[in-house]
Amino acid sequence: MNSVQGLELKNVQKTFGNTQAVSGVSFKVQKGEIVGLLGPSGSGKTTLLEIIAGLIQPDRGVCTWDGEDLADIPTHKRGFGLMFQDFALFPHKNVHENVSFGLLMQDWSSARVSQRVEEVLDLVGLPGFGSREVDTLSGGEKQRVALARSFAPQPRLLMLDEPIGSLDRTLRERLMGEVREILKSMKQTAIYVTHDQKEAFTVADRIVVLQEGTVAQIGTPLEIYHHPDTPFIAQFLGLRNVFPAEIKKVDGQMVISSPFGEWPSQEDRERKVSLLLRPDAVMLGPSPDANHCELRGTLMKKSFTGKAYQAEVDAEGTRLHFTFSSSAEDFPPQGQEITLHFHPSKAFQVFE
Ligand code: ATP
């Protein structure tokens, strides 16, 4: 079979007045895969969901399912499900009535509906919640009911638009892992929209990073985190140590010269670049061997997050941010001069 299984977008474009909301967007979602659409506000995430759902038509490009063009297939015949940030649960109906709504719309028999509602409430960890009124539920429980309702009709593609964005941080951290487990346990094909990189990393198998309506990078969370393609992506992922730098020859030796120091370089061509110093590839203390580079600075701020220290260091007037896994006892006090070391091939990434 030649056609692509699952969803494929090819060169999709949409303009509203003078605003190019999406342009030249192409990506695939394989069956059973969770693809994260990650990008800042206004990068075109919702517009893409609306195009895939058939709520708006693209100006250009095609959207196919199993190789079949979706252009002439209306929203309700696409077999796709949508879940929004505000959950949109019916407040005056109980949990069973909320979850069964889409099934009854699709003319499921009442016996099948009851069985399916129990099944999906079990899946989201809310067995026996059917008769509970929605407005008596906690935020996390409502989110799970909304999730159960969105996948109860077994959509061939489920699209989740910032599904936990309105919840508080602690609850979000817990639920993002649970959402992935639930979707994977059903082998649900899904698109998960978020502007939060941590959420995308936790939930998605692959991530499409959007920037001003175009695809900036596609890859697994590991690929994107370890090899962001551009300084924009690095900074959007929270890798804040990105600075202009220069690769040049000094006394016959190639060096990389940055605002916070100068080190020998393996590069063979002089040029201006952007330099990323990875926050988690730097260690406390002087260099243990000749393969490591040293960096000195003043520890300006530190905060303990439970697993690690987040530290802000002033190096030659430049503020650098690092993450150290270190025990509380041996971490230096704020205001102290510190020496750090790193392996350049692990800590540096050069952008042209
Ligand atoms: P957010 O995370 O804030 O929801 P987003 O990534 O989902 O943002 P979109 O809502 O897709 O971004 O918007 C992309 C661009 O298109 C924005 O500049 C937005 O203002 C514009 N846009 C979207 N819908 C319309 C519309 N109906 N009319 C005019 N402009 C629109």
Side-chain angles (χ1 to χ4, degrees), residues 7-29 34-63 70-71 74-75 78 80-89 139 143 146-147 150 155 157-169 171-173 175-176 179-180 183 189-219 221 224 228-239:
L7 183 79
E8 182 171 24
L9 267 68
K10 281 190 275 193
N11 205 18
V12 167
Q13 181 173 314
K14 181 73 190 175
T15 304
F16 297 106
N18 294 328
T19 308
Q20 189 139 55
V22 294
S23 167
V25 170
S26 303
F27 65 87
K28 293 175 192 161
V29 184
I34 307 173
V35 166
L37 278 189
L38 174 67
S41 184
S43 58
K45 306 182 294 295
T46 303
T47 304
L48 282 171
L49 280 200
E50 288 173 347
I51 289 171
I52 296 165
L55 297 168
I56 56 175
Q57 291 298 321
D59 302 331
R60 245 196 252 159
V62 283
C63 202
L70 293 171
T75 301
R78 293 192 180 192
F80 298 166
L82 264 169
M83 176 180 164
F84 296 104
Q85 178 172 24
D86 59 5
F87 309 157
L89 290 176
Q143 189 271 352
L147 189 61
S150 67
L157 173 71
L158 180 59
M159 293 183 274
L160 304 123
D161 192 357
E162 304 262 5
I164 57 175
S166 65
L167 303 174
D168 70 59
R169 191 191 163 91
L171 195 51
R172 275 209 329 261
E173 301 237 328
L175 285 171
M176 57 181 88
V179 168
R180 177 175 169 85
L183 296 177
T189 311
I191 296 180
Y192 190 100
V193 167
T194 179
H195 64 272
D196 181 314
Q197 41 94 6
K198 190 167 178 192
E199 217 176 295
F201 284 167
T202 307
V203 178
D205 297 311
R206 278 189 315 132
I207 294 173
V208 176
V209 184
L210 293 171
Q211 178 184 8
E212 292 176 6
T214 62
V215 174
Q217 188 168 2
I218 300 181
I224 290 180
D229 276 351
T230 64
F232 164 85
I233 299 168
Q235 282 174 319
F236 183 60
L237 299 180
L239 303 168

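In this chain, numbering begins with 1 at the start of the sequence shown. Start at 1 and go down the list; that is how both ligands and their atoms are numbered.
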Exercise for review: Say whether, by atom type as modelled, one donor and one acceptor occur between the side chain of K45 and the main chain of Y192 under 3.5 angstrom.
Suggested key: no
**Study point:** Nearest atoms (heavy-atom pairs only) where F236 meets G39
**Key:** CZ-C, 3.5 Å
Review point. Any N or O on G44 sitting closer than 3.5 Å to an N or O of ligand 1?
Key: yes
Revision key, fill the gap. Between I51 and R78, the two heavy atoms sitting closest are O-NH1, 3.3 Å
**Study point:** Heavy-atom nearest neighbour in the protein, as seen from atom 10 (O) of ligand 1, with distance rounded to 0.1 Å
**Key:** T46 CB, 3.7 Å
Practice item. Using distance alone, determine whether K45 and ligand 1 share an N or O pair under 3.5 Å. Key: yes
Point to revise | For S43, atoms of ligand 1 separated by under 4.0 Å from a heavy atom | key: 5 (P), 6 (O), 12 (O)
Study note, to complete from the structure: For atom 31 (C) of ligand 1, the closest protein heavy atom turns out to be F16 CD1, 3.3 Å
Check your understanding: Does T47 approach ligand 1 within less than 4.0 angstrom via side chain, backbone, both or neither, non-hydrogen atoms only?
Key -> both
Practice item. Could I get the full list of salt bridge (charged side-chain N to carboxylate O under 4.0 Å, His left out) partners for D229, not counting sequence neighbours? Key: none
Revision key, fill the gap. Near P40 (heavy-atom distance under 4.0 Å), the atoms of ligand 1 are 6 (O)
Check your understanding: What's the shortest distance from atom 14 (C) of ligand 1 to any protein heavy atom, and which residue and atom give it?
Key -> G42 O, 3.5 Å
Revision key, fill the gap. The complete set of side chain to side chain donor-acceptor pair (under 3.5 Å) pairs with one or both residues in residues 206-215, sequence neighbours excluded, reads E33-R206
Exercise for review: Assess whether side-chain contact (heavy atoms from CB on, under 4.5 Å) is satisfied between L160 and L183, documenting all intermediate values.
Suggested key: CA-CA 11 Å; L160 304 123; L183 296 177; 3.9 Å; yes
**Study point:** Contact (N/O only, under 3.5 Å) between A21 and ligand 1
**Key:** no
Check your understanding: Any idea which atoms of ligand 1 are less than 4.0 Å away from a heavy-atom of T19?
Key -> 16 (O), 18 (O), 21 (C)
Review point. Nearest heavy-atom pair of L175 and I164: which atoms, and what distance?
Key: CB-CG2, 4.3 Å
Revision key, fill the gap. Residues I218 and I224: closest non-hydrogen pair is C-CD1, 4.2 Å
Check your understanding: Any idea which protein heavy atom is nearest atom 3 (O) of ligand 1, and the distance to it?
Key -> S41 OG, 2.5 Å
**Study point:** Closer than 4.0 Å: a protein non-hydrogen atom to atom 19 (C) of ligand 1
**Key:** no
Review point. Would a distance-only check, ignoring hydrogens and angles, find a side-chain to backbone donor-acceptor pair under 3.5 Å from T189 to L157?
Key: no
Review point. Touching ligand 1 at all, G213? Heavy atoms, strictly under 4.0 Å?
Key: no
